[in-house]
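Here's the structure, in structure tokens; my notes come after.
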Amino acid sequence: MAIFVDDSTKVVVQGITGRDGGFHSSEMLAYGTKVLAGVTPGRGGQKFQDTVPVYDTVKEAVTNHGVNTSVIFVPPFGAAGAIYEAADAGCKLIVCITEGVPTVDMVKVMPYLEERGARLIGPNCPGLLAPGIAKLGILPTSIVKEGPVGLVSRSGTLTYEVVYQLSAAGLGQTTCLGIGGDPVIGTTFMDAIIAFNEDPKTEAFVMIGEIGGDAEEQAAEYIKANVKKPVVSFIAGQTAPAGKKMGHAGAIVSGGSGTAAEKKKALEAAGIPVAERPMDIVPALQEIWKK
Amino acid sequence: MAIFVDDSTKVVVQGITGRDGGFHSSEMLAYGTKVLAGVTPGRGGQKFQDTVPVYDTVKEAVTNHGVNTSVIFVPPFGAAGAIYEAADAGCKLIVCITEGVPTVDMVKVMPYLEERGARLIGPNCPGLLAPGIAKLGILPTSIVKEGPVGLVSRSGTLTYEVVYQLSAAGLGQTTCLGIGGDPVIGTTFMDAIIAFNEDPKTEAFVMIGEIGGDAEEQAAEYIKANVKKPVVSFIAGQTAPAGKKMGHAGAIVSGGSGTAAEKKKALEAAGIPVAERPMDIVPALQEIWKK
Amino acid sequence: MNIHEYQGKDIFTGFGLPVPGGSAVQTVEDAVASAKEYGLPVMVKSQVLIGGRGKAGGVKFCETVEDVKKNATNILGMDIKGHTVRTVLITPAVDIDTELYIGMLIDRNTKRVMLMASAEGGIDIETVAKDTPELIFKQIIDPRFGLLDHEAMEMGMRLCPDDIKRARQLASAMQKLYVAFIESDASMAEINPWIFTPEGVGHAIDAKVSLDDNAMYRHPDYEALRDLEAEDPSERAAREAGLSFVKLSGNVGCLVNGAGLAMATMDLVKYYGGQPANFLDIGGSSNPEKVVSALNIILADKEVKAILFNIFGGITRCDDVANGIIAATNSMDINVPIVVRLTGTNEAEGRALLAKTDLGTADTMDEVVKKAIELAG
Amino acid sequence: MNIHEYQGKDIFTGFGLPVPGGSAVQTVEDAVASAKEYGLPVMVKSQVLIGGRGKAGGVKFCETVEDVKKNATNILGMDIKGHTVRTVLITPAVDIDTELYIGMLIDRNTKRVMLMASAEGGIDIETVAKDTPELIFKQIIDPRFGLLDHEAMEMGMRLCPDDIKRARQLASAMQKLYVAFIESDASMAEINPWIFTPEGVGHAIDAKVSLDDNAMYRHPDYEALRDLEAEDPSERAAREAGLSFVKLSGNVGCLVNGAGLAMATMDLVKYYGGQPANFLDIGGSSNPEKVVSALNIILADKEVKAILFNIFGGITRCDDVANGIIAATNSMDINVPIVVRLTGTNEAEGRALLAKTDLGTADTMDEVVKKAIELAG
């Protein structure tokens, strides 16, 4: 019905008493997500919005509520620490919304996650929204619609733009996933694509890439070899100058590689239509899907 | 026929061109041990004693000779590095003879070994001698004799003393194993005891302990619960003053714990005879064995 | 953040890498004084945050004080690919037997630090990577264990297969470089070239280091390494205001929330025949002050003839954003036309607010871009 | 190697742990000067490598310069359990609200560093461990990841469950202590007590640190931390000669190869009613110089009435050892009887060499011990 989440997803929010953490926890709860606990060290014993118990540690949330998923809204200097804690407590899915996490912190945390078999989404990402199932992060629920299309993106608001257009065209989503634009992220394009390909409910999917790295090229290769479902792509940053970081730490054309043109070429060579404009995504998908 | 080694044991010696490494490699070869290669960075292409090829890296020794065991004779500052290299190249048994390896180095190397499923013996140990099978280390071959007794010891020459007495009494050995007296060692008393217990050729075994730590107490508990074979023990250091390191970094009575008296008590409580003098070991073993 | 050679060398020195001494100076007099201090011959090396300094004449070998005077005079103030040289590094010249390359970067695929090394040093490593990739050796470093002795030695022996002493120096340098990389939160660190003298002594004679902006809070002293003069004034203002901004050469100013949407908006401006004046991500905030800062930065560029807002209110509510834009524009004197596209959460309320102003509006991303291009003329 | 409180605190300070200032002084004048520098009240703390200084009167609170003068005079030169006080630490007295314990050591079972912490600080932690082990919290530290934030915070919150600010300070201190432990190659590092002032500010007001002798080559500067005056002269001579030696109070000198065999030999001396004068492992070498050093060290002890050699020639050949003993004894003027037991490789040759001398010999370990006891009288 979705990738990475299902009815058994039980959520703890790390940083639930913060401004952003609180706001989005309300939103997640309002969407029916099972947010069973929050964590803020020193706030153990309090209740969030008079209902969700707050603990000092993730371990306590796991012990008392069997949570298996954490959504992290803590400041950058505490983000990696929160990821370690969630993984150590046994969370198998960790969504880190925090922007501005040092890359070296992420390099260090990755093997810890691998050892514990935990999946990280992010950091610096909008998270995941599986319409009708759960919202883990900050994707606005107003624009989504249940349906057969998967969407994975390195971007935030550009994702909303595309989801909005999909929903407006009647193309609902199995899962909308923002993986973030940092150089080192937990769940990659490839991971999402493999999951969408295996998900029986996902009939087609959209990949929103951007300049920097070669994740799109790798995805193209994989899709060519393994994916029969219709896929459409879009790459942001055709006009980005080389050597300049475009907002995301990972969105940079360096040493002449990671350009939008290269990515477009690789995707097209794999038979994946690359929309020129965001508004071309829906028609392109509709066209390829008909075949 | 022995613990940790068998006919498939193929050895590379790290530090084969050094003084100690060279001497003991000759001894190992003379005993029929399959020393197929040596490693000394910068000496690749040479031959040890005109027969054993020397390589720059353990990886090359593995590739060219399928070695699965390394015996390390490198100086203390290079010992941990040599262990990483051996494990990384795929050696599953690593015997580190080197004395004076910093403990923090050993703390760091342990998880690396665990991840690769490699067994370390030592450091700062005489290694292993399985009469009739292989010699990995520096135990003198002249004193051993093939037979049914296992021997594990934290000591070096005290081991020789006991092995000598066993052989003189006609009690040959399956394996004589010196695990070393450092605080952090790869193969522990417990590991050796479990292996001896499972080894069909080992009919009885001797444990030579010393002051410091609680490895003997743990072994006692395990033996009481799991071991039916006759076991005799000896503990060195009854007269050692508290707070003083007795040669081995790990041989120290600290905070009133790790005393010979405590160990003796624990062993006897587990029904294991503790010899008063080294010369009492053989009679004690003969007596308990008869029962 | 990219830092200068001399700053990178200071970091390297702090982690025990062998770097020849040197002084960064800004006048010919100081250049001469430093040259005398270190003893001739010296190198005079322009300090600019761009490659190709040597080809541009920005790196000179000087045997005499006259040479130093002449070259420092020429190089100070020189323009190298749009970068003005304000500082030169005076450093003792060392005899070079061999030039090698050692570099580290974040490898996105393995999510680890990757060591790259090549016996082909001193030249553009990207060219080597493209033309003869087999000459570049790579080692992925496990952060749990660091760059291990045998890994570093294997690299060292590959680069200097016939000289174990050199191999050992390289191995040690690589291990120190890794510690420097991690401890200084680098995103890239290159020694190109690493050299050996004819006597076989190794030195890092260049340093190219990028530091992770996200980690600056851990290194408050690194803020001082930022070359404010080399920075574009508008990019500097944006950075200080906490905005992600990149100056471009077009005439359509773009204010967008979100980096991906901002890039897509620029691309769309180009698609419709316009020229974006900038990349600017104002983030999720609806704070009027931030909007004011953003507008000031864009308006400082006299080429800008029209400004577009492309806001997708996801978390941020459109009415808040509309209020922010109104408050900001009211407080300023703006001579270029503005057109706003607001969509998402509380879109209707936001639009209602804008309708009471004389700001232009648009329903879609396409429309706002087209209108802005038209307004820019 | 155990180091003094003030030396441990210097290491702690270097790793960012909050330690009140202080000066280690050796005269009353300097004590007074330091007290004036730091401002009263101060503590005068004897620096000896033994616990129980407080109970022995070696730690005093001083409100006035007169107090400092009096206490420094009393403490300097004081004997604490056989240790003469030569240095006192003058350190500002801090108001104490709570005393806690933080310590790290090598845990042999997990082969990792173990953090131990307890709200029962300031007192003998071994007593707490014995009587109320549930009051000691433990955390095993994975060397691959270090002491993680959440692990440290959990410990901090256990110690200060109702004060998150204190918990955070503790967590940070524990993380710094771990880095200090690893980077300085400690084998033990204790802060007992860690205190909080009534205002909730934490300080490490004591430091007990042991450094790993095997790692001294990595820390050449630590050699200077060794308190040569506090060391037994014979143990110092042995250390400098590269011998493992521990002085005991008996009259039978023991020269043995191998630590385990040396202990077993001492035990056997005791078993047969004698008193071993020392533990001495001469190692695998047959170098006559080492034998000379060993004999000199043992003979410096006037209690020694007989000396035994118990050598199991495994790798070392017995003839080599015999030659070493003969060369050594010939070069010295020795007044106590010596009896040698040589066995193992080339035993026959070794014995043949000894037979030509007037050194006593024995066939077995039992025999050599019995003979030596008899000779010692």
Side-chain angles (χ1 to χ4, degrees), chain A residues 23-24 27 76-77 100-108 110-111 126 138-140 142-143 153-161 164 181-185 188 208 210-215 218 234 236-241 244-251 254-257 260 276-279, chain C residues 2 50 106-113 125-126 129-130 141-144 181-183 185-188 212-218 244 246 248 250 256-264 266-271 275-276 279-281 283-284 310-315 343-345 364-366:
Chain A
F23 175 78
H24 293 294
E27 296 279 307
F77 62 81
V101 183
T103 304
V104 162
D105 287 0
M106 296 312 302
V107 168
K108 287 180 181 168
M110 286 300 165
I138 64 173
L139 279 150
S142 57
I143 55 170
S153 168
R154 281 168 69 183
S155 161
T157 45
L158 177 57
T159 315
Y160 310 166
E161 181 79 42
Y164 182 75
D182 278 1
V184 174
I185 52 176
T188 61
I208 313 288
E210 63 188 28
I211 53 163
D214 64 352
Q218 288 181 38
F234 176 82
Q238 295 172 53
T239 50
K244 291 282 185 179
K245 207 169 284 175
M246 306 303 279
H248 294 163
S254 55
S257 71
E276 283 289 319
R277 303 173 298 172
M279 68 181 297
Chain C
N2 296 324
I50 191 84
I106 302 286
D107 180 55
R108 298 176 188 219
N109 293 323
T110 56
K111 306 175 187 180
R112 294 183 173 183
V113 176
I125 198 68
E126 278 147 15
K130 218 160 264 179
I141 302 171
D142 187 332
R144 299 172 305 169
F181 188 102
I182 293 293
E183 295 301 317
D185 277 295
S187 46
M188 201 263 294
D212 181 356
D213 294 303
N214 286 344
M216 293 298 275
Y217 72 86
R218 279 203 277 249
S244 263
V246 175
L248 302 172
V256 189
N257 69 328
L261 191 60
M263 281 191 275
M266 284 160 43
D267 293 349
L268 205 58
V269 170
K270 185 78 177 256
Y271 180 87
Q275 294 294 341
F279 164 92
L280 192 150
D281 173 9
N310 185 17
I311 305 293
F312 201 110
I315 304 320
T343 198
T345 315
T364 66
M365 188 167 159
D366 264 58

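Here is how names work: the chains are called A, B, and so on, in the same order as the sequence lines, proteins then strands, and each is numbered from 1.
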Is A:D105 close to C:R218 at the side-chain level, that is, under 4.5 Å between some pair of heavy atoms?
-> yes
Hits for salt bridge (charged side-chain N to carboxylate O under 4.0 Å, His left out) against A:E210, two or more places apart or cross-chain, chain-then-number order -> none
Any C:K111 side-chain heavy atom under 4.5 Å of A:T188 side chain | yes
Heavy-atom proximity to chain C below 4.5 Å, by part of A:I143 | side chain
Against chain C, work out which of A:K108, A:E161, A:Q238 has the most heavy-atom pairs shorter than 4.5 Å and name it.
-> A:E161
Considering all heavy atoms, the nearest A:V104-C:D212 contact | N-OD2, 4.4 Å
Is it the side chain or the backbone of A:Q218 that comes within 4.5 Å of chain C heavy atoms, both, or neither?
-> side chain
Examine whether an atom of C:A262 lies under 4.5 Å from a heavy atom of chain A, and if so say whether it belongs to the side chain, the backbone or both; otherwise answer neither.
-> neither
For the pair C:D281 (side chain) and A:G247 (backbone), establish whether a donor and an acceptor sit closer than 3.5 Å, ignoring hydrogens and angles.
-> no
Do the side chain of A:T157 and the main chain of C:N257 share a donor and acceptor less than 3.5 angstrom apart?
-> yes
For residues A:M110 and C:P143, determine if any side-chain heavy atom of one lies less than 4.5 Å from a side-chain heavy atom of the other.
-> no
Is there a side-chain contact between C:V246 and A:P241 (heavy atoms, below 4.5 Å)?
-> yes
Return the minimal non-hydrogen interatomic distance between C:Y217 and A:F77, and the atom names on each side.
-> OH-CA, 3.2 Å
A:G212 to C:R108 - nearest heavy-atom pair and separation | C-NH1, 3.5 Å
Option in A:S142, A:A215, A:G156, A:G213 with maximal non-hydrogen atom pairs under 4.5 Å from chain C | A:G213
Turns out that what part of C:R112 lies under 4.5 Å from chain A's heavy atoms comes down to both
Among the listed options C:P276, C:S244, C:S187, the residue most often paired with chain A at heavy-atom distances under 4.5 Å = C:S244
Which atoms of A:V184 come close to chain C, meaning under 4.5 Å heavy atom to heavy atom: side chain ones, backbone ones, both, or neither?
-> side chain
Closest non-hydrogen atoms of A:S155 and C:L261, given as atom of the first, atom of the second and distance, are OG-N, 4.1 Å
Looking only at C:N2, C:I182, C:N109, C:V256, the option with the highest number of non-hydrogen pairs under 4.5 Å against chain A is C:N109
State which residue, out of C:I141, C:D142, C:I106, fulfils the side-chain contact (heavy atoms from CB on, under 4.5 Å) condition with A:V107.
-> C:I106
Are the side chains of C:T364 and A:M279 in touch, meaning some heavy atoms are under 4.5 Å apart?
-> no
Under 4.5 Å from any heavy atom of chain A - which part of C:D366 = side chain
What distance do A:R277 atom CZ and C:Y271 atom OH have between them, rounded to the nearest 0.5 Å?
-> 4.5 Å
Below 4.5 Å from any heavy atom of chain C, which atoms of A:I208 appear? Answer side chain, backbone, both or neither.
-> neither
Among C:A215, C:G250, C:G344, who wins on heavy-atom pairs under 4.5 Å with chain A?
-> C:A215
What residues, two or more places apart in sequence or in another chain, satisfy ring-ring contact (aromatic ring centres under 6.0 Å, His included) together with A:F234?
-> none
Closest heavy-atom contact between C:M263 and A:A251?
-> CE-CB, 3.9 Å
CE-OG1 distance between C:M266 and A:T239, expressed to the nearest 0.5 angstrom = 3.0 Å
Examine whether an atom of A:M246 lies under 4.5 Å from a heavy atom of chain C, and if so say whether it belongs to the side chain, the backbone or both; otherwise answer neither.
-> both
Here the pair of heavy atoms bringing C:L268 nearest to A:P278 is CD1-CD, 4.4 Å
